[in-house]
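Positions are given from 1 along the sequence.
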Amino acid sequence: MDKVELRFNSITYRHTHAGAYTLMLAEVGGDRRLPIFIGAAEAQAIAVKVENIKPARPLTHDLFKDLCDTTGIHVKEVIITDLVEAIFYAKLVVEQNGDQAEVDARSSDAIALALRFECPIFTYEHILSAA
């Protein structure tokens, strides 16, 4: 399957659903967008990184990044792997000591981590077309 690279575009509040936000990813080198609906906590985790806010203590995604850095685990890429009944599924592709593995993740968590690890975000053509 051909992967399509995406980049973070924006987060906006959904006025029609209290406490809901739209995370918008944009196709790299194209015009298509991938909207993912997320909650307030997930939006905050992404916004903290995007807006370069430095909390007094590490938030969960920062803690995960620190743990990975300490143990030599690197998130190489994030892949939005599936779309089932309006729910996106994602995987973290991680590497440690030359060994690679895929870890199941919620799409919002995967994107929050992709921003922290500065790694690429991908999806597949059929998911981008369906969304």
Side-chain angles (χ1 to χ4, degrees):
M1 286 188 262
D2 289 335
K3 291 192 293 187
V4 178
E5 188 170 0
L6 304 168
R7 64 175 168 70
F8 171 82
N9 184 265
S10 64
I11 294 179
T12 56
Y13 183 71
R14 294 186 68 204
H15 296 286
T16 57
H17 294 84
Y21 291 78
T22 302
L23 164 64
M24 191 67 69
L25 300 175
E27 178 183 23
V28 172
D31 295 328
R32 295 180 292 178
R33 303 285 186 264
L34 185 68
I36 300 174
F37 304 124
I38 63 176
E42 294 81 4
Q44 178 190 27
I46 293 168
V48 161
K49 179 61 181 167
V50 169
E51 296 174 13
N52 291 314
I53 297 169
K54 304 291 184 209
R57 302 293 300 140
L59 299 178
T60 304
H61 296 89
D62 301 313
L63 173 63
F64 183 86
K65 169 97 169 56
D66 292 345
L67 177 66
C68 287
D69 289 346
T70 301
T71 58
I73 297 170
H74 179 71
V75 178
K76 291 182 62 174
E77 65 184 31
V78 163
I79 306 172
I80 311 274
T81 58
D82 210 351
L83 174 60
V84 178
E85 297 179 11
I87 297 172
F88 288 96
Y89 291 76
K91 291 191 187 271
L92 305 173
V93 178
V94 299
E95 184 176 70
Q96 182 184 39
N97 299 325
D99 294 326
Q100 194 167 295
E102 291 184 355
V103 180
D104 186 36
R106 297 185 316 163
S107 56
S108 57
D109 289 332
I111 292 161
L113 290 169
L115 293 171
R116 284 163 174 80
F117 280 91
E118 298 179 358
C119 72
I121 303 166
F122 294 99
T123 193
Y124 297 113
E125 179 63 42
H126 71 277
I127 294 171
L128 191 56
S129 296

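The salt bridge (charged side-chain N to carboxylate O under 4.0 Å, His left out) contacts involving residues 1-10 comprise Lys3-Glu77, where partners must be two or more places apart or lie in separate chains. Among residue pairs with one or both ends in residues 114-127, those qualifying as salt bridge (charged side-chain N to carboxylate O under 4.0 Å, His left out) are Arg32-Glu125, Asp62-Arg116; sequence neighbours excluded.
Among all heavy-atom pairs drawn from Glu27 and Arg33, the shortest one is N-NH1, 4.5 Å. Ile121 and Ala114 make their closest contact through CG1-CB, 3.7 Å (heavy atoms, listed as atom of the first residue, atom of the second, distance). Between Leu34 and Ile127, the shortest heavy-atom contact is CD1-O, 4.5 Å.
With hydrophobic clusters built from ILVMFWY side chains whose heavy atoms lie under 4.5 angstrom apart, Tyr13 shares a cluster with Leu23. Grouping the Ile, Leu, Val, Met, Phe, Trp and Tyr side chains by contacts below 4.5 angstrom, directly or via other members, places Ile111 apart from Leu63. Under a hydrophobic-cluster definition in which Ile, Leu, Val, Met, Phe, Trp and Tyr are linked whenever side-chain heavy atoms come within less than 4.5 Å, directly or via other members, Val103 and Phe117 are assigned to the same cluster. Put simply, Ile46 and Ile87 are part of two different groups of oily side chains (I, L, V, M, F, W, Y) that touch within less than 4.5 Å, one to the next.
A distance of 4.5 Å separates CD1 in Ile11 from CD1 in Ile38, rounded to the nearest 0.5 Å. Annotation: the span from Gln44 atom CD to Glu51 atom CD amounts to 10.5 Å, rounded to 0.5 Å. Here Leu6 contributes atom CG and Ile79 contributes atom CD1; the two are 11.0 Å apart, rounded to the nearest 0.5 Å.
With sequence neighbours left out, the salt bridge (charged side-chain N to carboxylate O under 4.0 Å, His left out) criterion links Asp69 to Lys65. Every residue meeting the side chain to side chain contact (heavy atoms under 4.5 Å, CB included) condition with Thr22, not counting sequence neighbours, appears here in chain and number order: Thr12, Arg14, Met24, Pro35, Phe37. Applying the side chain to side chain donor-acceptor pair (under 3.5 Å) rule to Lys49 yields no partners; only residues at least two apart in sequence or on another chain are considered. For Arg106, the side chain to side chain donor-acceptor pair (under 3.5 Å) partners are Glu42, Asp109, not counting sequence neighbours.
Counting heavy atoms from C-beta outward, Leu25 and Ile36 have side chains that approach closer than 4.5 Å. Here the side chains of Leu83 and Thr123 are not in contact, with every heavy-atom distance at 4.5 Å or above.
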What donor-acceptor contacts under 3.5 angstrom involve side-chain atoms of residues 88-96, with partners at least two apart or in another chain?
{"unit_1": "Gln96", "atom_1": "NE2", "unit_2": "Thr71", "atom_2": "O", "d": "2.7"}

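In the hydrophobic clustering, Val48 connects to Ile53, Leu59, either directly or through intervening members, whenever side-chain heavy atoms lie under 4.5 Å apart.
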